[in-house]
Amino acid sequence: MEEGRFLQWGVFRSLLAILQWWGFNVTVIIMNKWIFQKLDFKFPLSVSCVHFICSSIGAYLVIKVLKLKPLIAVDPEDRWKRIFPMSFVFCINIVLGNVSLRYIPVSFMQTIKSFTPATTVFLQCLVWRKYFDRRIWASLVPIVGGILLTSVTELSFNMLGFCAALFGCLATSTKTILAESLLHGYKFDSINTVYYMAPFATMILGVPALLLEGNGVMDWFHAHPAPWAALIIIFSSGVLAFCLNFSIFYVIHSTTAVTFNVAGNLKVRFVE
């Protein structure tokens, strides 16, 4: 009896985690698209950097100031061997997503993202030597075929945006596999993962954002009619991104990498 209740609670917690991830994910994507188009802030590296800065501050407040979660100690060697690679791939994933939003509609980008379960299964089989049943491979055929058909018939097709979203699928798959290994192997929780990951990601993105987009951001600031109000909106998206990053790792912690990416496909069906 107790085992059945525990199983039911585990399923309910997983569904709740997926629902909150869906909400934050859709909100951040739409808000980023609005920032690029309506605010004319066409700097994906800078937007991503703001998101990770807000995530670093948010995780620090939760663990160090509010003390809602205890800090899990990690050896410096493990930080560089296990957390830094995941942070690097996470950065690539976020940047590619923001780049694709500049050139293709949200709906098309989300459709391409449906390819992620296929890349996840392929990477786990090829690199991590994980076995999957033939039925799983067969279920991927209509997904891949549907994406190819949609891409060919998409009226607003843009090659750069398409490639960014497609390579973003590979980055998402790698990120979720590494996160699954970290969360289940190191007994991490989601907020500690953000606490260790976000500063690395900020460090990785900070220098390229400054060198490649610094002058453009300053020109935008002086040319925009209401720059301070626009910055408040941009940093508000960073707060939402912190909630999104937390929910991503919470879902992966509650389920698996493949389940996480399949849930992403269901999200696309519901929001369209």
Side-chain angles (χ1 to χ4, degrees), residues 17-18 20-21 24-25 28-29 32 44-99 116 120 123 128 167-210 235 237-257 259-261 263-264:
I18 290 171
Q20 73 169 2
W21 167 54
F24 286 126
N25 185 266
V28 169
I29 287 174
N32 284 353
L45 289 176
S46 299
V47 171
S48 303
C49 199
V50 168
H51 288 181
F52 284 122
I53 290 171
C54 291
S55 294
S56 300
I57 295 172
Y60 180 86
L61 289 174
V62 170
I63 292 177
K64 291 289 190 177
V65 179
L66 300 177
K67 299 187 184 299
L68 298 177
K69 277 284 187 177
L71 178 65
I72 298 175
V74 180
D75 294 334
E77 184 178 355
D78 272 352
R79 293 186 191 184
W80 289 99
K81 281 187 175 181
R82 304 187 69 174
I83 299 176
F84 180 80
M86 185 188 69
S87 302
F88 183 77
V89 175
F90 203 104
C91 286
I92 294 174
N93 176 51
I94 296 297
V95 170
L96 287 174
N98 285 338
V99 169
T116 307
T120 302
L123 284 174
W128 281 270
F167 282 107
C169 292
L170 288 170
T172 300
S173 299
T174 307
K175 174 202 70 180
T176 51
I177 293 169
L178 292 174
E180 181 185 15
S181 173
L182 184 68
L183 287 163
H184 294 289
Y186 214 98
K187 305 302 180 184
F188 255 33
D189 56 42
S190 50
I191 195 65
N192 270 275
T193 306
V194 176
Y195 178 86
Y196 284 107
M197 181 275 300
F200 272 133
T202 304
M203 179 183 68
I204 293 167
L205 281 181
V207 175
L210 186 63
F235 275 91
S237 76
V239 175
L240 289 171
F242 160 66
C243 298
L244 173 61
N245 290 336
F246 168 79
S247 65
I248 286 171
F249 293 119
Y250 189 69
V251 172
I252 297 172
H253 181 260
S254 303
T255 58
T256 64
T259 303
F260 171 80
N261 289 307

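Throughout, numbering of the chain's residues begins at 1 and tracks the sequence.
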Pairwise distance [atom1]([X]) to [atom2]([Y]) - rounded to 0.5 angstrom:
X: I191; Y: S55; atom1: CD1; atom2: OG; value: 9.0 Å
X: Q20; Y: L244; atom1: CD; atom2: CG; value: 10.0 Å
X: F24; Y: S247; atom1: CZ; atom2: OG; value: 6.5 Å

**Message:** Counting only heavy atoms not in F84 (residues, nucleotides, ligands), do more than 12 fall under 6.0 Å from its CZ?
**Reply:** yes
**Prompt:** Do N32 and H51 have side chains that get closer than 4.5 Å, going by heavy atoms?
**Reply:** yes
Exercise answer: donor-acceptor pairs, residues 195-206 side-chain atoms, under 3.5 Å, sequence neighbours excluded:
unit_1 : atom_1 : unit_2 : atom_2 : d
Y196   : OH     : I72    : O      : 2.5
T202   : OG1    : F52    : O      : 3.4
T202   : OG1    : A198   : O      : 2.9

Heavy atoms only: give me the nearest [X]-[Y] pair and the separation to one decimal.
X: I92; Y: A171; answer: CG2-CB, 4.2 Å
X: P44; Y: V99; answer: CG-CG2, 3.9 Å
X: G168; Y: N93; answer: O-OD1, 3.4 Å

**Request:** Give a yes or no answer on whether the side chain of N245 reaches the backbone of T193 with a donor-acceptor pair at less than 3.5 Å.
**Result:** no
**Request:** For C54, enumerate each residue passing the side-chain contact (heavy atoms from CB on, under 4.5 Å) test, keeping only those at least two apart in sequence or located in another chain.
**Result:** V50, F235
List the atom pairs, donor and acceptor, that lie under 3.5 Å between side-chain atoms in residues 59-68 and the rest of the protein, sequence neighbours left out.
unit_1 : atom_1 : unit_2 : atom_2 : d
K67    : NZ     : K64    : O      : 3.3

